[in-house]
Amino acid sequence: MPMEKNFDAKTAEARISAMWQDRKVGAAGANARAGANGEKPETFSVMIPPPNVNGSLHVGHAFNNTMQDILVRWHRMLGHDTLWQIGTDHAGIALQLAVEKELAATGSTSRRDMGREAFLGYAWGYKERTSDHILSQLKRLGITADWDRVAFTMAGAPGDTRKGHENSPNFHDAVIKVFVDMYNKGLIYRGKRLVNWDPHFETAISDLEVENIEVAGHMWHFKYRLAGGETYEYVEKDEDGAVILRETRDYISIATTRPETMLGDGAVAVNPSDARYGAIVGKMVHLPLCDRLIPIIADEYPDPTFGSGAVKITGAHDFNDYQVAKRADLPMYRLMDTRGAMRADGAPYEVCVARAREIAAGSPTTIEEVDSLNLVPEKYRGMDRFAARLAVIEDINAIGLCVSTLMTEIDPETGSEHLTREPLVEAKKIMQPFGDRSKVVIEPMLTDQWFVDTAKIVEPALEAVRSGATKIMPESGEKTYFHWLENIEPWCISRQLWWGHQIPVWYDDAGKIYCAATKAEAQAQAGGRSLTRDPDVLDTWFSSGLWPIGTLGWPDQTDELAKYFPTSTLITGADIIFFWVARMMMMQLAVVDQVPFRTVYLHGLVRDAKGKKMSKSLGNVIDPLDIIDEFGADALRFANAAMASLGGTLKLDTARIAGYRNFGTKLWNACRFAEMNGVWEGHTTRATPPDATATANIWILGETAKTLAEVNAALDAYRFDNAADALYKFVWGKVCDWYVEFAKPLFDGPDADETRKVMAWVLDQSMILLHPIMPFITEELWATTGQRAKLLVHTDWPEFNLDLVNPAADHEMNWATGLIEEIRSARTQMHVPVGLKLDMIAVSMTQTAREAWARNEVLIKRLARIDTLRDGAAPKGAISLAVEGASFAIPLEGVIDIAEEKVRLSKSMDKLTKEIGGLKGRLNNPNFATSAPEEVVEEVRVNLIAREEEAAKLRTALARLSEME
RNA sequence: GGGCGGUUAGCUCAGCGGUAGAGCACUACGUUGACAUCGUAGUGGCCACUGGUUCGAUCCCAGUACCGCCCACCA
């Protein structure tokens, strides 16, 4: 049965993928070979960055998983006991968003109407669907993870259907155990803190989930009048100390980009060094629109050179103000509800403000009481924060408390100045925080949350990278890692969501905390008191932070944990170094006191061909399945490998993928040619190369050895691009372009048998070496050619070495191919018809050249389309060729254009002259000879001699041409 | 504001002390015993700019410009 011209990726991939799964290729230790003395096989383990179950995989996942699969296949073929742990992440907030969108799109009842339990049931169903799809996408990519070990970060949580992750360890129990242990060790605490609040999801989020985006905003200036009608002398000076403004004021001017928060101000702060306000520090000002007074306090925070130098302090709604308020022990009045609207709860304003006045006057209070006071005047209650902003501005302006300022205008024609008074509203670019998922403006909000006291667990994570116990690649990643961890903030881990691990904490009526793995245990602690469970769930990253040990069955001391942990390599996007990598480091070290991985490889973001971020709104999202449908998985994988240089962004260009699809076809057809010539007949797959006597055969064996060495070195250094490049150049540039062509005449000669053996071996090695990158086509070729004892995926990685390289054969092949290229080039430029066979005259030839010619005559003649070679002088009307040790002439009287030949030779001559000039220049520089290393000087000398020899031959040829004119 | 990275052929990128490489694109030719998803031969580059170190710099150092990315509390 003859081979088809092309590899049929569509049908073959599905068949091969199914076969790999049937034979449990990915199962831990599938190829594990013990060493010579029966010792334990070396292990190699990687953890997939678990894809979020909120959607489908994009090209970034394909890229990431290709690299993992290349490493895993490589190590498996090396005989290492290999584990690729696969699974998915429940993706807390992201999944909740996806489910809400689906509910909205299908017109179902909303989350709130459904209630927590029904919503969770729906979410589990959603997860089953997306998880199935994601895993099937990964299978189509050809990855050989251990499919019996699909883990899930919420496995074992209440409501778990177990569908899609039947064998996952109970991740929920592990997460809960870690929480309880950390709580008991004082590493997790609860507190009322200012956190980033997402008004859409109505939950706290961590700092990392906030994106600061520059938007066009405004800054308003308001007057806060001094209490009791007091006044003071306001003096403003310029940089040189000259007075530029002096006036009596009864107010202090404050600036704000968020006017609505003034309703919750606790003070106005000025810098203690600010001479303008020294006289009024400690005095009270009247808060506009509100029926209360607040003090002017001194604090280092305000910058006297910015704005008016006075800052309103709203402790409950601004991170800076929060710090000031804490320092000054100011009450922090929360103004908004969970949806970001001005509070409508609590007692009437009159009642609240009366109590606030008492508190300000020193009446004892509690955080809870302050939080219960609603200091939003009735007029604004229930208004959205943005509507309230406009209302506040309008109302302050109406009572004349918007600052007007002196503005200078210069008449461009007369040059005269005149003063105007304008209400001051500055247009100002402001950095506004947005939720990375919800895309709504984040509100700093004073709420009760759970925190990991990261400062207490950060040090081992820093030390592990400092000491090299874990290596981060590229190295710049380590700097990023250090910078973040050295400035780490407490990690807010509680989320007011439904989808996630519910926090294992119960409260009694007095609010006392009982943290325990189960309610029964909590109840045991609480005695007869009735308990209520904390409704919050954990940040999704808290559980994915435990991915390495959780997937291996911790806290049980499983065999896998003993064998595969710490894992070998983590391959993940540089964008989640803080979210995930740093937290895994901290968590694993805190829980099991070991680093989670030896090496971290960080890669960039995959973008489209133009370098644009792929996004749904731009419509430039590429679905990896579409690419696989069009070009095959191997082409996508090869493109991924070839793009994977360390660092930077990666642009995915379909033209490039098409090129690698073509590469697969090229390999396929080379094998087809070999098959047609029966090279695999009676062939047994062999580890050692066959003996070779023909130069071309000796040469290609050496090239194969070089390629193996390059691929090994590249993969060892995580240079997937170099590995792909070496293989591409070898298979296309060496095997197909030259060796297959050489083999054609060799098959007709005395070396036919040897050539068949060599070709079979070389192509076998090509399949093996390419297999980690292009597994499908190579597996198919492996099955199509020869008798194979094992699947290619189970075949041993070769061990032959560079002894196979024969420098003499290399040199001779380079000479022969160089000569062929010279002849072909001359023929083309002289417009010699392709089909015309030519005779060639050896004008001069050294003994070495004669021997080289003799050994490769049949190859050269065929590839250069030369009929005969004889000795003699160059006749009139011939093309001249000069190569090492020989000069040739090809008589073409009547065929060639003398002028054109002259141009051709002159062009070569120019190039040579320039080169010789450079070489001579260097040699003639006395400093070069004395300072440069000897071998460099020698190289230049040898080079110069060779070039001058060539030049001499060319000169002769040119002179002859001139005679003919 | 701080940090990190980039600037090499028309495009996408390698190279990183010895006078430049690949793929794609482009041009010409081509049904040569596998391959037109191909072959052969070509075209195309003051390696961003300015200094410095060196016998020698695309490569090392300093500065400039432009472009990215990350982090950050200027009200």
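Keep in mind that the numbers below use all heavy atoms, side chains included, and drop hydrogens, waters and symmetry copies. Below, chain A is the first sequence line, B the second, and so on; all start at residue 1.
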Q: Suppose we define a pair by two distances each less than 3.5 Å, Watson-Crick or G-U wobble; what does B:A9 pair with here?
A: none
Q: Would you measure the distance from the C1' atom in B:A48 across to the matching atom in B:U37 and give it in whole Å?
A: 38 Å
Q: Atom CZ of A:Phe7 to atom C1' of B:C35: distance rounded to whole Å?
A: 16 Å
Q: Apply side chain to side chain contact (heavy atoms under 4.5 Å, CB included) to the pair A:Leu652 and A:Met643, showing each step before the final yes or no.
A: CA-CA 8 Å; A:Leu652 190 69; A:Met643 290 193 307; 3.7 Å; yes
Q: Rounding to an integer number of Å, can you tell me how far A:Phe222 CZ sits from B:A75 P?
A: 15 Å
Q: Determine the interatomic distance between P on B:U53 and the same-named atom on B:C61; round to the nearest Å.
A: 15 Å
Q: CG of A:Asp207 versus P of B:C71: gap in Å, rounded?
A: 11 Å
Q: Sticking with atom P, work out how far B:C60 lies from B:U7, rounded to a whole angstrom.
A: 11 Å
Q: Using a 4.0 Å heavy-atom cut-off across all strands, classify A:Cys671 as base, sugar-phosphate, or nothing.
A: nothing
Q: Measure from CD1 on A:Ile860 to P on B:U32 and round the result to the nearest Å.
A: 23 Å
Q: Quick one: do A:Trp680 and A:Asp764 satisfy side chain to side chain donor-acceptor pair (under 3.5 Å)? Show the steps, please.
A: CA-CA 10 Å; A:Trp680 280 287; A:Asp764 279 3; 3.1 Å; yes
Q: Consider ring pair (Phe, Tyr, Trp, His ring centres under 6.0 Å). Of A:Phe63, A:Phe638, A:Tyr601, which one does A:Phe720 pass it with?
A: A:Tyr601
Q: Tell me which nucleotide, if any, is Watson-Crick or G-U wobble paired with B:G30 when both distances must be under 3.5 Å.
A: B:C38
Q: Under a 3.5 Å cut-off for both distances, is B:U19 Watson-Crick or wobble paired, and to whom?
A: none
Q: Could you tell me the separation between the CD atom of A:Glu478 and the P atom of B:G3, rounded to a whole number of Å?
A: 19 Å
Q: What integer number of Å spans the P atoms of B:C38 and B:C47?
A: 33 Å
Q: Determine whether A:Tyr251 and A:Tyr224 satisfy the following criterion, ring-ring contact (aromatic ring centres under 6.0 Å, His included), listing intermediate values before the conclusion.
A: CA-CA 5 Å; A:Tyr251 65 91; A:Tyr224 285 15; over 10 Å; no
Q: To check you understand the geometry: which heavy-atom pair defines the closest contact between A:Val834 and A:Arg827, and what is its length?
A: O-NH2, 3.3 Å
Q: Ignoring hydrogens and geometry beyond distance, is the side chain of A:Glu741 in donor-acceptor contact with the base of B:A34 at under 3.5 Å?
A: yes
Q: If you define the side chain from C-beta out and look only at heavy atoms, does anything of A:Arg862 sit under 4.5 Å from A:Pro745?
A: yes
Q: Which nucleotide, in any strand shown, forms a Watson-Crick or G-U wobble pair with B:G63, with both distances under 3.5 Å?
A: B:C49
Q: Heavy atoms within less than 4.0 Å of RNA chain B: which residues of residues 298-306 of chain A have one? Give them sorted by number.
A: A:Tyr301, A:Pro302, A:Asp303, A:Phe306
Q: What integer number of Å spans the C1' atoms of B:A9 and B:U50?
A: 24 Å
Q: For side chain to side chain contact (heavy atoms under 4.5 Å, CB included), just list the numbers for A:Leu859 and A:Leu746, CA-CA rounded to whole Å, side-chain angles, deciding distance to a tenth of an Å, and then say yes or no.
A: CA-CA 8 Å; A:Leu859 313 185; A:Leu746 290 177; 3.9 Å; yes
Q: P atom, B:C59 versus B:G6: distance in rounded Å?
A: 13 Å
Q: Taking the C1' atom of each, how far is B:G44 from B:A25, in whole Å?
A: 11 Å
Q: Can you tell me the distance, in whole Å, between the CH2 atom of A:Trp738 and the C1' atom of B:C38?
A: 16 Å
Q: Is there a Watson-Crick or G-U wobble partner for B:G68 with both distances under 3.5 Å, and which nucleotide is it?
A: B:C4
Q: If you compare every side-chain N and O of A:Lys5 against the phosphate oxygens of B:A36 (OP1, OP2), does one of them come in below 4.0 Å?
A: yes
Q: Does the B:G39 base have a donor-acceptor partner in the side chain of A:Arg824 within less than 3.5 Å?
A: no
Q: So which of residues 208-218 of chain A are in contact with RNA chain B, with a heavy-atom cut-off of under 4.0 Å?
A: none
Q: Enumerate the protein-to-nucleotides 19-29 of chain B contacts in which both atoms are nitrogen or oxygen and the separation is below 3.5 Å.
A:
from	atom 1	to	atom 2	distance (Å)
B:U19	OP2	A:Arg922	NH2	3.4
B:U19	O4	A:Gly918	N	3.2
B:U19	O4	A:Leu919	N	3.4

Q: Distance only, no hydrogens: is a donor on one side chain within 3.5 Å (strictly under) of an acceptor on the other, for A:Asp299 and A:Asn271?
A: no
Q: OP1, OP2 of B:G39 versus side-chain N and O of A:Lys666: anything below 4.0 Å?
A: yes
Q: Taking only side-chain N and O atoms of A:Ser825, does any of them lie within less than 4.0 angstrom of OP1 or OP2 on B:U40?
A: no
Q: Between B:U58 and B:C13, how far apart are the C1' atoms? Round to whole Å, please.
A: 15 Å
